[in-house]
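Notes to accompany the following structure.
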Number of protein chains: 2
Amino acid sequence: MSACKRIFADSGQINNCRKVIKDNQRFFADLSRIVALAGNEVRLKILFLLDEERELCPCDLSDILEMTIPAISQHLRKLKDGGVIQSRKTGQTIFYSVCTVQLPLLKLFFSMISGSPMEINA
Amino acid sequence: MSACKRIFADSGQINNCRKVIKDNQRFFADLSRIVALAGNEVRLKILFLLDEERELCPCDLSDILEMTIPAISQHLRKLKDGGVIQSRKTGQTIFYSVCTVQLPLLKLFFSMISGSPMEINA
DNA sequence: ATTGTATTTAAGTAACTGCTTAAATACTTA
DNA sequence: TAAGTATTTAAGCAGTTACTTAAATACAAT
């Protein structure tokens, strides 16, 4: 885009940055996709609840969050498609839980900011 | 919503969860707002670049990310409104940098997932 | 003062998100 | 096999997002 003609622009710096961004294109796409999943208030609550309770069914989540089952189900699908949660079926009930790989990320989300539920309800 | 009439639902568990969610309503709203900011691929790259280079102007970012200046400027505004970045003015140039308070969160975003730029370019 | 540079703001728009309701699927039990 | 329960899927729609282009603002230099 090069809209600026400034003198102090360090073209070495610019080119280096451009390279880093290009070389890691995939990383940024993947990470932003996952972070965006947690950037929705309902999904963040779902992740928090699954983390705390180990596993819950759509019906539980519907009761807790006071939302319709289809609304919950659609969020669960996004989280599952994103590889953040997994499911196990028992009879007609489907239990969802956080994929163990993603747990550290979640723990950090919830422990990082002061005044988090973890601290309050410790 | 209580759409399910299942026998095994633990109403104590449900009520406890409901309480935790309600008591921490503000926390979830605030955290999801910030996480959503980083959940956009362009903004994630901007945050990464500001973190790595210490500070950059909209013009630099436009060059690096190959996007128009207004597009960059609008992302910077959202990040600034969200309290994630700050700006300093020198002549006609405005330099943006990550608020120090938010740095730990960012470092984690970028270091957490295997194959991150940090590791690749160490 | 006038011209030029850096940035923001504003208006318009295409694409995406998250809900709703209704219908479909799948399992269970009578 | 019929009726009921748990869940998903699909269609529709209001609200939001992220870009585009054009205009406005602010500082610098001649």
Is [X] close enough to [N] that one of its side-chain N or O atoms is under 4.0 Å from OP1 or OP2 there?
X       : N      : value
A/Asn40 : C/dG18 : yes
B/Lys78 : D/dA18 : yes
B/Tyr96 : C/dA6  : no
B/Ser73 : C/dT7  : no

Rounding to an integer number of Å, can you tell me how far [X] [atom1] sits from [N] [atom2]?
X       : N      : atom1 : atom2 : value
B/Asp63 : C/dT5  : CG    : P     : 15 Å
B/Asp81 : C/dT9  : CG    : P     : 9 Å
A/Ile69 : C/dT20 : CD1   : C1'   : 14 Å
A/Met67 : C/dT21 : CE    : P     : 12 Å
A/Lys45 : C/dG18 : NZ    : C1'   : 14 Å
B/Ile94 : D/dA26 : CD1   : P     : 11 Å
B/Glu66 : D/dC19 : CD    : P     : 14 Å
B/Leu44 : D/dT17 : CG    : C1'   : 17 Å

If I compare all heavy atoms of B/Ile69 with all of B/Ser62, which pair ends up nearest, and what's the gap? CG1-OG, 3.8 Å
Of the candidate nucleotides [options], which contains the atom at the shortest distance from the side chain of [X]?
X       : options               : result
A/Arg77 : D/dA18, C/dT5, D/dT9  : D/dT9
A/Pro70 : C/dT8, D/dT8, D/dA18  : D/dT8
A/Gln92 : C/dA26, D/dT8, D/dC27 : C/dA26
B/His75 : D/dA18, C/dT7, C/dC19 : D/dA18
A/Lys89 : C/dT8, D/dT8, C/dA26  : C/dA26

Counting distance alone, no hydrogens or angles: does the base of C/dT20 have a donor or acceptor under 3.5 Å from a partner atom on the side chain of A/Gln74? yes
Using heavy-atom distances to pick each residue's nearest nucleotide on DNA chain C, tell me which of A/Ile72 and A/Gly91 is more 5'. A/Ile72
Any base atoms under 4.0 Å from A/Lys80, or only sugar-phosphate, or nothing? Heavy atoms, all strands. nothing
What contact category does B/Thr93 fall into here, base, sugar-phosphate, or nothing, at under 4.0 angstrom with non-hydrogen atoms? sugar-phosphate
Should the pair A/Asp81-A/Lys78 be classified as a salt bridge under the 4.0 Å nitrogen-to-oxygen rule? no
Does a salt bridge link A/Glu52 with A/Lys45, judged by any charged N lying under 4.0 Å from a carboxylate O? no
Could you check B/Leu56, B/Asp51, B/Leu61 and say which one makes a side chain to side chain contact (heavy atoms under 4.5 Å, CB included) with B/Ile46? B/Leu61
Rounded to the nearest 0.5 Å, what's the gap from CG on B/Leu44 to CZ on A/Phe27? Could you check? 6.5 Å
Using a 3.5 Å distance criterion without hydrogens, assess whether the side chain of B/Arg43 forms a donor-acceptor pair with backbone atoms of B/Leu37. yes
